[in-house]
Amino acid sequence: MKYTLIGSLGHINTPLAKQLIAAGHTVTIVSSNPDRTSQIAALGAKAAIGSIEDIPFLTKVFTGADALYTMIPPNNNPTDWNRWIQGIGRNFATAIKASGVKKVVNLSSIGAHMPKGCGPVSGLYGAEQELNTLEGVDLIHLRPGYFYTNLLHSIDMIKHAGIFGNNFGADTTVIMTHPRDIAAVAAEELTGLTFTGKSYRYIASDERTSAQIAAALGAAIGNPNLPYVAFSDEDYFNGAVKAGLPAEIARNYTEMGDAIRSGEMFADYRLHKVALGPTKLTDFAKEFAAAYAH
């Protein structure tokens, strides 16, 4: 089978590509960074270097694939992040239609049932809608929980302020997922290709409160009393901007935190029974501790 994967050598794509290649499949990895070419080749994949904003490029690399894995990477300085995300979804849809590919696994997110009010995830709602307009294409949207790896962004806060926090409460339950568990599901869907029509699948590895997350991370780094602090939206936004995030990104993350606090981000997930993946918070805490030590 021939697969084309969007997402360069990220936390999901690397293990996903390794699984597909080990099973004897042909893999093309799309990256905007030419410096990734040799690393992609070292995995046994073919590099396709170009921009996801370039529809003719996407059409060319999609053509001939038995199935695609699509995802929308971060944008470091968007003027309207949600509109940009939806626009990339539209680019994918246009290129998929032109290429003739009939099977697509698309990375979305938990909370993508919300057309507004969930920060960048509401942009993914728009991208889902764009892709769902494709006729004669079987497409499954993967909706994983909050990435464990996002917790790595808290290392500076813990080191310099001695706290761990966000703009939702200590007793707020967060649905979390390890990128490896997402890669395993993506590989399952890509190799099985049993999905039909337009569907979605939730992926979760663990469910823990913010206080439990702080306790697990604190224990792993030798600080069992690491406190969790619930910031106001204003303080969270201002802190994010002070830390160097563009205001548009800080605003969107603040809005997403509000959706977590209200529970709405996880509301549709709660309506579906999902078997939790193998990687628990305590497993990731070891990875967190290793990153924290450097």
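Taking each heavy atom of Leu276 and Tyr269 in turn, the nearest pair found is CD2-OH, 3.9 Å. Across all non-hydrogen atoms, the minimal contact from Phe92 to Ile6 is CZ-CG2, 4.1 Å. Minimum interatomic distance between Val241 and Ala250 (heavy atoms only, all atoms of both residues): CG2-CB, 3.8 Å. Of all non-hydrogen atoms in Val274 and Ala204, the two that sit nearest each other are CG1-N, 4.2 Å. Residues Val101 and Phe62 approach most closely at CG2-O, 3.2 Å, considering heavy atoms. Residues Phe168 and Gly257 come closest through the heavy atom pair CD2-O, 3.6 Å.
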Task: Residues Arg208, Val174; criterion side-chain contact (heavy atoms from CB on, under 4.5 Å); working and verdict - done: CA-CA 6 Å; Arg208 290 288 182 265; Val174 182; over 6 Å; no

TODO: List the steps and the verdict of salt bridge (charged side-chain N to carboxylate O under 4.0 Å, His left out) for Arg261 and Asp258.
DONE: CA-CA 5 Å; Arg261 182 173 64 231; Asp258 180 65; 2.3 Å; yes

Task: side-chain contact (heavy atoms from CB on, under 4.5 Å) between Gln19 and Thr191, intermediate numbers included - done: CA-CA 10 Å; Gln19 289 180 64; Thr191 55; over 6 Å; no

- [ ] Mind running side-chain contact (heavy atoms from CB on, under 4.5 Å) on Val121 and Met256 for me, showing each step along the way?
- [x] CA-CA 8 Å; Val121 177; Met256 186 171 70; 3.8 Å; yes

- [ ] Applying side-chain contact (heavy atoms from CB on, under 4.5 Å), run through Thr279 and Arg180 and close with a yes or a no.
- [x] CA-CA 8 Å; Thr279 312; Arg180 283 196 305 268; 3.7 Å; yes

Just list the side-chain donor-acceptor pairs under 3.5 Å for residues 210-222, sequence neighbours left out, or say none.
unit_1 : atom_1 : unit_2 : atom_2 : d
Ser210 : OG     : Gly169 : O      : 3.1
Gln212 : OE1    : Thr209 : N      : 2.9
Gln212 : OE1    : Thr209 : OG1    : 3.4

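A donor-acceptor pair under 3.5 Å is absent between the side-chain atoms of Lys198 and the main chain of Gln129, judged by distance alone. Of the possible donor and acceptor atoms, one in the side chain of Lys280 sits under 3.5 Å from a partner among the backbone N and O of Ser205. With hydrogens and angles disregarded, no donor-acceptor distance shorter than 3.5 Å links the side chain of Asn91 to the backbone of Ile55. Of the possible donor and acceptor atoms, one in the side chain of Tyr228 sits under 3.5 Å from a partner among the backbone N and O of Asn166. In this structure, Glu248 contributes its side chain and Trp81 its backbone to a donor-acceptor pair below 3.5 Å. Of the possible donor and acceptor atoms, one in the side chain of Ser99 sits under 3.5 Å from a partner among the backbone N and O of Ile96. For the pair His113 (side chain) and Glu264 (backbone), a donor-acceptor distance under 3.5 Å is present. Formation of a donor-acceptor pair under 3.5 Å by the Tyr148 side chain with backbone atoms of Leu281 is found in this model. At distances below 3.5 Å, not a single donor-acceptor pair connects side-chain atoms of Ser154 with backbone N or O atoms of Phe164. Ser8 contributes no side-chain N or O that, together with a main-chain N or O of Ser31, makes up a donor-acceptor pair within less than 3.5 Å.
Atom CG of Asn75 sits about 7.5 Å away from atom CD of Glu53, to the nearest 0.5 Å. Put simply, CZ on Arg36 and CD1 on Ile49 are 10.0 Å apart, with the number rounded to the nearest 0.5 Å. In this structure, Ile249 CD1 and Asn77 CG are separated by 6.5 Å, a value rounded to the nearest 0.5 Å. Once rounded to the nearest 0.5 Å, the distance linking CZ of Phe195 with CG of Leu190 reads 6.5 Å. For the atom pair His141 NE2 and Leu131 CG, the distance stands at 5.5 Å (nearest 0.5 Å). Rounding to the nearest 0.5 angstrom, the gap separating the OG atom in Ser51 from the CG atom in Leu58 is 7.5 Å.
No path of Ile, Leu, Val, Met, Phe, Trp and Tyr side chains, each step under 4.5 Å between heavy atoms, connects Tyr125 with Leu142, placing them in separate hydrophobic clusters. Residue Ile88 is grouped with residue Val137 when hydrophobic side chains (ILVMFWY) are merged at heavy-atom distances under 4.5 angstrom, including chains of intermediate members. Hydrophobic cluster membership differs between Phe237 and Val229, with clusters built from Ile, Leu, Val, Met, Phe, Trp and Tyr side chains linked at under 4.5 angstrom. When hydrophobic clusters are built by joining Ile, Leu, Val, Met, Phe, Trp and Tyr residues whose side-chain heavy atoms come closer than 4.5 Å, directly or via intermediates, Met114 is not grouped with Phe147.
Under 3.5 Å, the side chains of Ser122 and Asn82 contain no donor-acceptor pair of N or O atoms. Between the side chains of Gln86 and Arg83, no donor-acceptor pair is found at a separation under 3.5 Å.
Inter-residue side-chain proximity for Thr173 and Phe266 is flagged as unmet; no heavy-atom pair is nearer than 4.5 Å. Looking at Asn150 and Tyr253, their side chains never come closer than 4.5 Å, going by heavy atoms from C-beta outward. Contact annotation: the side chain of Thr79 never approaches that of Trp84 to less than 4.5 Å [non-hydrogen atoms, C-beta and beyond]. Side-chain contact between Lys159 and Tyr292: present, with at least one pair of heavy atoms (C-beta onward) separated by less than 4.5 Å. At least one side-chain heavy atom of Leu43 sits less than 4.5 Å from a side-chain heavy atom of Ile29. No side-chain heavy atom of Thr63 sits under 4.5 Å from any side-chain heavy atom of Lys60. Side-chain atoms of Ile175 and Arg270, non-hydrogen and from C-beta on, do get closer than 4.5 Å to each other.
Screening Asp233, Thr254, Thr172 for a side-chain hydrogen bond (donor to acceptor under 3.5 Å, both in side chains) involving Asn167 leaves a single residue, Asp233.
Listed by first and then second residue, the salt bridge (Lys or Arg N to Asp or Glu O under 4.0 Å) pairs involving residues 130-144 are Arg90-Glu130, Lys103-Asp138, Glu128-Arg143, Arg143-Asp268 (not counting sequence neighbours).
By the ring-ring contact (aromatic ring centres under 6.0 Å, His included) test, Tyr200 is found to be paired with Tyr202, His272, residues two or more places apart in sequence or in another chain being considered.
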